[in-house]
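Order of appearance sets the numbers: ligands from 1, and atoms from 1 within every ligand. Values in this document were obtained by computation on a predicted structure and should not be read as measured data.
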Amino acid sequence: MNKNPQRQATPFELQRRSLIESLRGRGIQNEDVLRAMYAVPREAFVPEALAMRAYEDSALPIEKKQTISQPYTVAIMTQTLDLSSPSRVLEIGTGSGYQAAVLAAMGHKVVSIERHAALSQRARTTLHLLGFDVVCRIGDGTIGYREGGPYDGIIVTAGAPDVPEILARQLTIGGKMVIPVGTLVQQELYRVVRTAEESWKAEPLGQAKFVPLIGRSGWDETTGRS
Ligand code: SAM
């Protein structure tokens, strides 16, 4: 994984390597996912004061009371998308930009939408500085981004009250969406596959805990209702 064997691995690279091994131990087997996660410096996506915690397998706070997802969550969601490269992928909830970077590092063509302009702008700068080609858009991701679709994969990184139909309709036939669905405090992760023009199959994958998906087909920010 170290391209130049003469060079000593940096402390962050060593921590990243150990994170990758622990993800492997937890059942992440897709080598493309593991390779991409080794290629993306997570320390660049967390607030500077938290850089030393970048390789803990935990979610960490970012601006606007949001979070960068736990590495295991990023790995399992990316593995569940099970995409061959290059695919067209839509991410809802850019946050720090880390998940988008992992998808881009796998060679996918990524569009990522974030409702907070400040987060989107910061993520765009980080992604650009690191050389990841991601289209970042500011807006309500619950309505998707039809202009960039249809998508082979859609990854929703905030908890939804239901699967937004408008998003499901932006999948290709055979396309997959990974989305946490449930209440404001607890969700179940689902994989939704578009099996035909008018048919989708949803399969539960396990418990999850995400910040809420706020928007027209999500939660209402002021009332907390869907
Ligand atoms: N994927 C991110 C990363 O790698 O850092 C983590 C995302 S964080 C858990 C969820 C993000 O979804 C937050 O930044 C939040 O502002 C955003 N979000 C919530 N509702 C949204 C919506 N309707 N459209 C776009 N972004 C939304």
Which ligand 1 atoms does Q99 reach within 4.0 Å, using its non-hydrogen atoms? 1 (N), 4 (O)
Is R122 atom CZ crowded by more than 12 heavy atoms from other residues, nucleotides or ligands, each under 6.0 Å away? no
Give a yes/no verdict on whether any heavy atom in G139 is under 4.0 Å from an atom of ligand 1. yes
The answer for which part of R115 has a heavy atom under 4.0 Å from ligand 1 is both
Which ligand 1 atoms does I68 reach within 4.0 Å, using its non-hydrogen atoms? 5 (O)
S69 near ligand 1 by a heavy-atom separation under 4.0 Å: yes
Provide, to 0.1 Å, the distance between atom 14 (O) of ligand 1 and the closest protein heavy atom, together with that atom's residue and name. E114 OE1, 2.7 Å
For L129, the rest of its hydrophobic cluster, which grows through side-chain links under 4.5 angstrom: none
Regarding R137 and E147, does a basic nitrogen lie under 4.0 Å from an acidic carboxylate oxygen? no
Which protein heavy atom lies closest to atom 8 (S) of ligand 1, and at what distance to 0.1 Å? T67 O, 3.1 Å
From I155 atom CD1 to L81 atom CG, the distance as rounded to the nearest 0.5 Å: 5.0 Å
Going by the order shown, which atoms of ligand 1 are within less than 4.0 Å of some heavy atom of S96? 3 (C), 4 (O), 5 (O)
Checking a contact table here: which protein heavy atom is nearest atom 20 (N) of ligand 1, and how many Å away? I214 N, 3.0 Å
Verify side-chain contact (heavy atoms from CB on, under 4.5 Å) between S69 and F210, making sure each step is shown before the conclusion. CA-CA 8 Å; S69 302; F210 282 81; 4.2 Å; yes
Examine ligand 1 and decide if any of its atoms is less than 4.0 Å from a heavy atom belonging to E91. yes
Counting non-hydrogen protein atoms only, what is the nearest one to atom 12 (O) of ligand 1? Give residue, atom name and distance. G93 CA, 3.2 Å
Distance to 0.1 Å, residue and atom name: give those for the protein heavy atom nearest to atom 19 (C) of ligand 1. P212 O, 3.5 Å
Using a strict cut-off of 4.0 Å, indicate which atoms of ligand 1 neighbour a heavy atom of L119. 14 (O)
Scanning both residues in full, the closest heavy-atom pair of I92 with T142 reads CG2-N, 4.4 Å
Are there more than 12 heavy atoms of other residues, nucleotides or ligands under 6.0 Å from atom CD of E198? yes
Once rounded to the nearest 0.5 Å, what's the spacing between atom OG of S96 and atom CD of Q66? 11.0 Å
Counterpart residues, ring pair (Phe, Tyr, Trp, His ring centres under 6.0 Å), relative to F45 (two or more places apart): Y98
Any salt bridge linking D57 with R26? Criterion: basic side-chain nitrogen under 4.0 Å from a carboxylate oxygen. yes
W200 side chain near R169 side chain, heavy-atom distance below 4.5 Å: yes
Here the atoms of ligand 1 under 4.0 Å from any heavy atom belonging to V211 are 8 (S), 9 (C), 10 (C)
Note: Q66, heavy atoms under 4.0 Å from ligand 1, region reported as side chain
Ligand-side contact atoms (ligand 1) for residue partner T142, heavy atom cut-off under 4.0 Å: 23 (N)
If the cut-off is 4.0 Å to any non-hydrogen atom of Y98, which atoms of ligand 1 fall inside it? 4 (O)
What protein heavy atom is closest to atom 10 (C) of ligand 1, reported as residue, atom name and distance in Å? T157 O, 3.2 Å
Is any side-chain N of the basic residue among R7 and E13 closer than 4.0 Å to the acidic one's carboxylate O? yes
Under 4.0 Å from any heavy atom of G141, which atoms of ligand 1 are there? 22 (C), 23 (N), 24 (N), 25 (C)
Any T94 heavy atom less than 4.0 Å to ligand 1: yes
